[in-house]
Every structure is written in C-alpha cells, then in structure tokens.
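Each remark here refers to the structure printed beneath this line.
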Amino acid sequence: MKKQYNSTEFENKVWQILKRVPRGRVITYQALAQAIGCLQSARAVGNALHKNPWAPKVPCHRVVKSNGQIGGYRSGIRKKTALLKSEGVRVKDGKIVDFEKILYKF
DNA sequence: ACGGTGACGCTCA
DNA sequence: TTGAGCGCCACCG
C-alpha cells in the first residue's frame with residue numbers, strides 16, 4: 001500500500017500485531033514492542049499509534065501501559081476507557097480491572 | 001544532519 | 001504510595 005508519509009516497517013508491524021488482539025482483551029505497549037523485536041521501543045510504539053493513519057481500522061484502544069493503567073489516547077483516555085468497557089473490559093479510575101487476566105499474550 | 005516531541009518504562013527519593 | 005528524573009526508540013520540521 002502507499003506510504004502516507006514514510007515507509008515504516010515498524011509501524012506496519014504495530015498495526016498488524018494490534019489487529020490480532022481479540023476483542024475484550026488488551027495488550028501493553030511493552031508487549032507490543034517486544035513482539036516487534038524492540039523491547040525498549042514502547043515509546044516508539046505509542047508514537048506509531050498516535051499517528052496511525054488507520055485510526056478506526058486498528059483497535060488502538062486495546063493498547064495499555066505495562067502497569068495496567070489505560071495510558072493515553074489521541075481522542076482522550078475517557079473515550080478509550082469507554083471503548084474498553086464496551087468490549088467487556090472493566091476499567092477502574094484509569095486502571096484495568098483484572099489486568100493480567102484480560103491481557104493478551106502471543 | 002540536528003534537535004524537539006511523544007498514546008512509555010523503570011528507578012530513586 | 002505518589003511524584004520526579006532519566007533512558008529508551010521512532011517520527012517530524
């Protein structure tokens with residue numbers, strides 16, 4: 001597909017992995033980065049999601065911080081939380097309930 | 001080429 | 001437990 005700004009294998013990998021996360025589950029930026037191959041690039045992952053050209057196509061709202069917190073969202077963490085709750089994920093004050101239980105593993 | 005920015009992570013006080 | 005600081009990687013002007 002055409003590169004919208006720059007060919008980034010890294011980003012492509014991010015969306016790809018994120019798309020295989022089932023509904024009602026969540027994944028951490030760290031795990032995502034690890035799946036790509038760079039455990040230290042959790043930040044870069046967030047950056048990729050932040051600028052992701054396929055906003056509604058990719059369930060970016062299923063990506064949370066490694067400590068179980070919601071993290072951030074381009075449209076606001078509130079929206080992210082609402083989406084998660086809509087999928088059956090219980091969120092308590094910006095934190096995932098039973099985080100390790102709904103955490104998706106590859 | 002360089003510096004700044006960002007939806008992060010971990011350690012220390 | 002909470003807050004602040006430093007380090008990490010990738011993208012953009």
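Closest to the K65(A) side chain, of the nucleotides dG6(B), dC9(C), dG9(B), is dG9(B). Looking at the side chain of Q40(A), the nearest of the listed nucleotides dC10(B), dA7(B), dC8(C) is dC8(C). Of the candidate nucleotides dG9(B), dA7(B), dA10(C), dA10(C) has the atom nearest to the side chain of C38(A). For H50(A), taking side-chain heavy atoms from C-beta onward, the closest of the listed nucleotides dA7(B), dA10(C), dG9(B) is dA7(B).
Between R90(A) and D98(A), the closest side-chain pair of non-hydrogen atoms falls below 4.5 Å. Inter-residue side-chain proximity for Q34(A) and F106(A) is flagged as unmet; no heavy-atom pair is nearer than 4.5 Å. Looking at heavy atoms from C-beta onward, Y29(A) lies out of side-chain contact with S41(A) at the 4.5 angstrom threshold.
With rounding to whole Å, F99(A) atom CZ is found 9 Å from dG9(B) atom P. The CD atom of E11(A) sits 13 Å away from the C1' atom of dG6(B) (whole-angstrom rounding). In this structure, N67(A) atom CG and dT2(C) atom P are separated by 11 Å, rounded to whole Å. The distance between atom NZ of K95(A) and atom P of dT2(C), rounded to the nearest whole Å, is 7 Å. Rounding to whole angstrom units, CG of residue N47(A) and C1' of dC12(C) are separated by 9 Å. The distance from atom CZ of R78(A) to atom P of dA7(B) is 19 Å, rounded to the nearest whole Å. We find that CG of L32(A) is positioned 17 Å from P of dC9(C), with the value rounded to whole Å. Protein atom CG of L49(A) is 14 Å distant from nucleotide atom P of dA10(C), rounded to whole Å.
Applying the 4.0 Å criterion to OP1 and OP2 of dC8(C), one finds that S41(A) has every side-chain N and O outside that range.
For the pair R25(A) and E87(A), the salt-bridge criterion is not met [side-chain N within less than 4.0 Å of a carboxylate O].
Within 4.0 Å of A44(A), counting heavy atoms only, lies at least one base atom of the nucleic acid.
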Handout entry: Evaluation steps, side-chain contact (heavy atoms from CB on, under 4.5 Å), between R74(A) and K79(A)
Key = CA-CA 9 Å; R74(A) 189 60 164 78; K79(A) 181 82 174 177; over 6 Å; no
